[in-house]
Every structure is written in C-alpha cells, then in structure tokens.
Amino acid sequence: MKKEMAKTYDPTAVEDRLYAMWLERGYFRAEADTSKKPFTIVMPPPNITGQLHMGHAFDCTLQDILIRWKRMDGYNALWIPGTDHASISTEVRIVNKMAEEGLTKADVGRDGFLKRAWEWREEYGGRILKQLRKFGSSCDWSRERFTMDEGLSKAVLEVFVRLYDKGLIYRGEKLINWCPKCRTTISDAEVNHVDRESWFYYFKYPIEGTDEFLTFATTRPETMLGDTAVAVNPNDERYAKFVGKAAVMPVTGVKMPVIADEYVDMEFGTGVVKITPAHDPNDFEVGERHNLKRVNIMNDDGTINENGGAYAGMDRYEAREKIVSDFEKLGLFMRKEEIRNAVGVHERCQTVVEPLIKLQWFVKMDRLAKPAIEAYTSKKLRIIPERFGKIYLNWLENIRDWCVSRQLWWGHRIPAYYCECGFTVVSRERPEKCPECGGSALTQDDDTLDTWFSSALWPFSTLGWPDETPELKCFYPTDVLVTSYDIIFFWVVRMVFSGIEHMGEQPFKDVFIHGLIRDSLGRKMSKSLDNGVDPLEVIEKHGADALRLTIVTGNSPGADSRYYPEKVEASGHFLNKLWNASRFVLMNVGDDDVEKPGELTPADKWILSKANALITKTNAHMNAYELGMAVSGIHDFIWDEYCDWYIEMVKVRLRDDETKSAALWTLKRALTIALKLLHPYMPFITEEIFQSLRPEEESLMISAWPRYDENFNFPKEEKEIELIKEAVRGVRALRSDMNAPPSKKVHVTVVSKNRETRRVFEDGRAFFAMLAAASDVEIVSEKSAEGCVTIVVPDAVVYMSAAELTDREAEIKRLEKEREKLAFEVTRVKGMLGNEGFVKKAPAALIKEQEEKMGKYSSMLDSVEAQIKSLRLNAP
RNA sequence: GGAGGCAUAGCUCAGUUGGGAGAGCGUUCGCCUGACGCGCGAAAGGUCACAGGUUCGAGCCCUGUUGUCUCCACCA
C-alpha cells in the first residue's frame, strides 16, 4: 500500500515517535553474543552537575554515528551510556544550594549531606538521560551505569585494595596542591597555570655573626615565615663565604643555614634563594637533599597559622603586605619589580592554589605509566588525529604520583581503617578487629577518592568487572573512545593504564579526539559569559537531525568549530530537500510497478553508478573517522546529483513511457542507498522516509549497510550523461546571458560528426529537451551555423536557431570569452605535455588523461573559432 | 621556557597518498519549470599569510618569518 507523506516534515512529532519505536523494539540492546563481531563504545559519562551542553551533543553525535553505522554493517554494536558523580563539582553545587537555605555541611552531617547528594543525582542524572535520548542516541539503556552505583563502587574498592596490596597506592606526607576555597587537595591535572602580573619583592636577611646580608627576591613574601634555609649555587664565588653560616629571619628570629645547591640559578635574580620546603615544590626537594625542617605556616582556609607568630590568623595576602611593610621598617626591604609569572589556580574555582604538605593517599605512577606509553609507541593504541598522541606521551613521560584523596564527602570513601594503636588496614570490608592489636576501635578514613579514580575504570567496570561476566568477555576491549582533547590527561591516560593494569589489555584500540564547539565569536561556551547554546532548544526548533548534521558538517577531526544559528537553518534546508525529493518519489511509485526494472536507460545507469561510488567513498571516509567529509559527500550526492539532475531527467519518463518502471526502480534504489548512508547522521528523517518507501522492511536502523556492487558500475554511461549535462549547462548559461526565460522554448540542434555522440544525445533527447528548454531537438551530422548561437562541448556543437534571442555582438563577445578560456586550457595542457620532465616522470594514467584533454580542448577551440568566424562573416 | 594548532571567496569552514581552487551563508541577475521559494537556473568573488627551498609540477612536503589561538612547564 502506498503511504502518503506529509507535505512538510515536522521533526518534533516524528523524532519522539520513532525513538519510542526503536526503544520498544529493542534495537538498542546488544547481547553478549560472540557469534557476531562486537563493536563497543563506552560513552564518556556526563557529569550530573547540571544539564547537557553543545559539547555533549557533539560527543554523542559522533559516537552515535559510529555505532549506528557498525550496527547496520553487521556488528554486534554496543554503546554503554552512563553518568559520573563528579565529586567536587557536584559537592560544590550542593553546598551552594544548602547555603541558600542557610545550611552548611556541618549542620546536616555526612549522612544528611549524602542524602541530599543522592536526591540531586536522581533529579539531574535523570534529566541528563532524557536529554541523551533527544539527541537520538542509540545506546543500550539496559546497561546504563553511574560511577557510584553498587557495581562500580565495588570495582573502585577492588582496584584500591589491589593497588594497595601491590604497593602502588600509599599514604604519605607530601607536598600537594591545596585549594583554600574548596578546602581539599587537588591533583596536578586540576591545576591551571595562568600568567598574571605580580610583584617580585627583594629582601635581605642578615648573616649571623657578621654585618653582612644576603639579598634575595620572591613573589610570595608570606612564605618567608616558613623559610628554613637560604641557598646559593655551589659555584657562585660571590656567596661562597656565606655557606655554612646562618641567616636570620628578623621578624621571627628564626635562624637558618646558608646552603649550597645546584638548583639555584646564578644568573637569575640575585642568585640567592630563600628555601621554604613546606610551601614550594622545588624547595621541598632542596629540603629533602639537605634535611631541612619543614614548617607549615598555613591553615586550610589560606590564613597563617600559629607557626606564623605575630602573623597568625591573617589571610595569606594580608600577611604578604604586612611582611613587606615590616621589613621596610627594618630597612631590609629593598624594592619590588613588576613581573609576569605563572600562578597555579584551581581549574574549577580559579582560586590560587597553595602548595602544602599533607598526609594524603597517592597512586604510584612510574610503573603504571610505562605500559601506557608503550601502548602508544608500539602503535597498539591509535590516537586520531595523530598530533594528540604527543600530548598523551608528554603527560605520561612527565607524570608524578597521583594524589587521589579528597577532603570531600560526595564520592567513594577511601577503604582505609585506622586503629588506635596506629595500625592501618586497607580492605574491601570494614574489619571487625585490628589485626595488629585486636582492638575494635577502628575508624575509616574520612576522605573520598578523586572522581577520576572511578572514571578511569569505566571501560571495564561498566561491563561488570571485577566479576567475570559474559559482557566483559564479549565487549572488552572496546573499539573506540570518542572524547574531546581537554580531558586527555584526566581521563584517557588514566583509563589506558588502568585497563592495562587490571584487565591486562588496553581499554580501546582507537581514541577519536574531537574539538570544542565555540560561540559565533570563537569563544568557549561558558556559564560566566552566558554564551552557551542549549542543544535541547535547538532540537525543539529544528530537530535533532538538523543539529546533528550541523555539528558534523565541515568539521575535521580534532578541530574546534563555531556554532551559528544559520548553520542549523542550512541543515534544515537539507532536511526539507530530502523530504520533498522523497515525497516526489513516493507520489510516483506505486506498489506493482517498482520491482521490475525493465531496461535501464543511460541516465539510470549513471545515477546508480554514482550511488555505487558513493558507498565506497563513504566507507573510506568513515573508516578514517572523516565524518565531516563523509556526510558532505552524501549531501552532495542527494542534492546535486539525485535531486537537481536525476529527478529532473526522469520527470519526462514518469507518464507513459516504456522506461517508466526502470525510472521508478532506479529512483527507489538510489534513494534507498542514500538513506542508508545518511542514517547514522540523520537517523530520524531517514527512518521516517524509509518507513514509507519500504514498508515491507522492518526498519532502516537495523537494515543492512549498502555494499558496493560491481553490477552497478557504469563508467561509460557516467561519461555520456556528463556530456549531456555539459550541453545543458551550456545552453542554460547562454539563455541566461540572453535573458531568455525558460518559458521561451527554442529549437535546438545537436551537431556531431561522431555517430556515437549522436546516439548519446538520441538516448537523452527527451530530458535534454526538457532541461535545455527546447521546443524540439534535432540531431544531425552537419549544419550551417548561419543565424545561430552555439554551445561547444566535446565532440559536438549545440545550435539554437534563435535569432530573436540574441544580438550578434553580445554573442561574439561571449564566444570570445569562451575561446580565451579554452585557449588557456590548451596552453596549459600543451605546456605539461611539452615538458620533458613531466612526460618522463608522471604516471602513465595522468599523461593519458592530459592527452585526452588536449584533443578535447583543441577541437572545442577550433569549433569556437569557427563559430566566431562565421558570425563575423555573416555580419549584416 | 617547551610543544602544537590555525592563517584558503565578504563571513564560517572543507580540501589525506603533491597533478585543472570547493561548500554553506551572504551578494548580483533571471525564473509562478509537474517534490521542494527552506526552491530552480545563471553568475560575480581567491597572487590558498609572507620569503625561500625540494619537484617536471606545491594550498598540500621542507626551512625561515609574521600574525593568531591553545596546551604543557617548579625559574625563586
């Protein structure tokens, strides 16, 4: 039965209906069935902090394209969705929300806080999952996971205990990054370095037992309260005599040794460095080498503690000013200079990070990093595009131990239990008794783990690890990880070493990196600029297909792109075009007249051959993750070849022509191929059309990906049709020049001495006449050019007996322009062929091609010249 | 300080083995052509940042320069 298609396409109604249908029919579901080759993607879990933005739409679209493609191509395609608890971001938001009610964490307590956090997760996590569906994401919802659900928490626990048992996790007093605002440690990856204008302050410390001084410079005078040495370079003759003596910090009276250490750069500043082991990473190392005392002078909120004596209680910056003025009074402050230096800030809140010594949990990185480096250098792990591989390597090669404990409540609590006797137990379950003293007064560590600790396990924890599930066996390792370049360090690197360590195999083969979607001015979309575009609003207005198409079109891997409303509109135009072309096909295709092709005409063969080639081209692009190029190829096929040419060519045959059934069959076949290739990019509209076009089939989504078919390769017909197209274009251009409206039909004569060429035009006569707005077409071997305007194409000249169309001078001008163009081409090709080097070295096929062009262009040039001559001769 | 990206039509961007410069939007002209005016047809518009080099041939490869953006980094 013929299905009617609505006059206009309404995405909003269609999309929800189709998504529900797919869902209900279980198309998204993948079983752990090894009879089909698996193809697996795990979705980078969005944070439950709020709602999805354009970046998510981009990320999901790319993954969905790959998954839908592979599913159609016969793979057992699994895409696992989920969400991330995002410990610090979520906790900060909950704290802020509580603050609006006048509550603090202390007021509600740990349990009360967690209750609120889980409520948050229900609300926002749920909203996010709904949004993912709106994108058209074909993920297996039955396998949806959350980083803090039971199974994943079990995996986290298991990993922590195993790493501890292997000695790869330890607790130690080390210099860590401290955020005084969030009051928690953060990892190196969470610190951003930003260049800021600041001051370089010069002070001097008196040297005990002399009346001399050592002058040094610092950007952080407040840390002088924690100074425990002054260092100079061992080769620095200027200061050699001071080494071994003691410097005095005048305001606190602290005495500290003057030491010699290679770390000091003689050229920089005064060549003297104050050493604060408790508040600077370099100084910490110097301190280790020289056994210096570490004096922590700071509280968790960034104020000075009791070790700061008179400065205790002051904010760090207040203390900075006070030190300067106090030294000034003592005559020991020399001067300050403006300097640009990089300060570390917390990436979430931009607060200046304070290096502090604290007792924290660390993952030992050197052993874990090695195989992750090896995975890449041995090419087992592919990063696309390649340049991001350097970033990956650079990070791993310079990695330091990963501080994983956080002073937060929302997250996986560290499974370490401390006994009164001082013994520490790390275990999967809370121990009843202390194995050391037998006491039962064990308290669990208050801290939770870095949120990335759990996401690092995502590719296998989501498949059921540590249990040996069939899913794990079937789907691990996954095939490709799709993510943006900004979380290579946070996530990609950590997943790789975690997968290798715990699964014995890297978690994915390919990493497909994409860029960011920026606003129309090229700025990052952000809350503070309020320039974010809500993908759901776009979908509301234009549909998910239009958004998806917009996002991938013209994007090359790893590149950022800008969002413009105009782009979505352009995508909408394409949907409209596709919809209407399909409607046209449906209007003409009946039930009984489509299955018998009959004899295919050259035009049919031409479009089928083009469609065939499109399959190959699309596969090649998609295999290389060139999704932007793939989709533009499909777009161009549909719009330029199928709509603008084939449909127009075919119209004349759709009444009572003997080739009607061939035309209908071809219309349908070519459209079907295009719909299939396009489906991963625009799943909804293609499915909707397919349901009407092929009601006998269940669904486009689960139909077979098209394959190249040698039986539909027609190079000869391709050339023939291109010739007619060229003639049509020529006639149209001429008519446009002459201001002849299409309604003004003109007698057209095609002249060619070549019988084969005449046959080509005979075959295409009907549509040629229509497309060229001819009243009738005559095809002959010879004709006088008198009173005619002409179009020269390879091997033929098209005459129009249209004295009334033209004025002679304009026509001569047009032909002269044409002659110039052809002459240029002839000269160019002649130059190439006359070039000894070219003829000697260029590939034979290319030479042949150029030789053919030479023949073609020079004969066309001759024809044009003949036309000009004849026009001049016949001048009145 | 190190690493990398980008520089192509008025705007936003494609251009993958080096072999006649492309798209979308915008602009101009024409069109009530049997799906589509969210359309059709025809056009205008580019020393592919600059300077060298390799090559028979460079938008594409190499070197340098300029501009711009980004990432990494413990010079106090």
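To find a chain, count down the sequence lines: A is the first, B the second, and so on, and within it residues start at 1.
Between the side chain of A/R828 and the base of B/G19 there is no donor-acceptor pair of N/O atoms closer than 3.5 Å.
Among the nucleotides B/C75, B/A35, B/U12, the one closest to the side chain of A/A581 is B/A35. With distances taken from any side-chain atom of A/K577 to the nucleotides B/A42, B/G19, B/G39, the minimum falls on B/G39. Taking only side-chain atoms of A/H193, from C-beta outward, the nucleotide of B/C36, B/G4, B/A73 with the closest atom is B/A73. Candidate nucleotides B/G34, B/C36, B/G39 were compared by shortest atom distance to the side chain of A/R655, and B/G34 ranks first. When distances run from any side-chain atom of A/K817 to the nucleotides B/A44, B/G39, B/U33, the shortest one goes to B/A44. When each of B/A76, B/C36, B/A14 is scored by its nearest atom to the side-chain atoms of A/S556, the top-ranked nucleotide is B/A14. Comparing B/A76, B/G34, B/A73 against the side chain of A/W395 picks out B/A73 as the nearest.
Contacts of A/L575 with the nucleic acid, taken as non-hydrogen atoms under 4.0 Å apart, are absent. A/Y485 comes within contact range of no nucleotide atom at all, as no heavy-atom separation falls under 4.0 Å.
The NZ-C1' distance, from A/K567 to B/A14, rounds to 11 Å in whole Å. Following rounding to the nearest Å, A/N398 (CG) and B/A73 (P) show an atom-to-atom distance of 8 Å. As a whole-Å value, the separation of A/L175 CG from B/C74 C1' is 10 Å.
In this structure, B/A21 makes no Watson-Crick or G-U wobble pair, since no nucleotide meets both defining distances under 3.5 angstrom. Pair assignment for B/A58 gives none, since no Watson-Crick or G-U wobble pairing has each distance under 3.5 Å.
For the contact set between residues 272-289 of chain A and RNA chain B, defined by any heavy atom under 4.0 Å, the members are A/V273, A/N282.
Across all non-hydrogen atoms, the minimal contact from A/I259 to A/A229 is CD1-CB, 4.1 Å.
A sub-4.0 Å separation between OP1 or OP2 of B/A76 and a side-chain N or O of A/N341 is present.
With ring centers used as reference points, A/Y205 lies 6.0 Å or more from A/F203.
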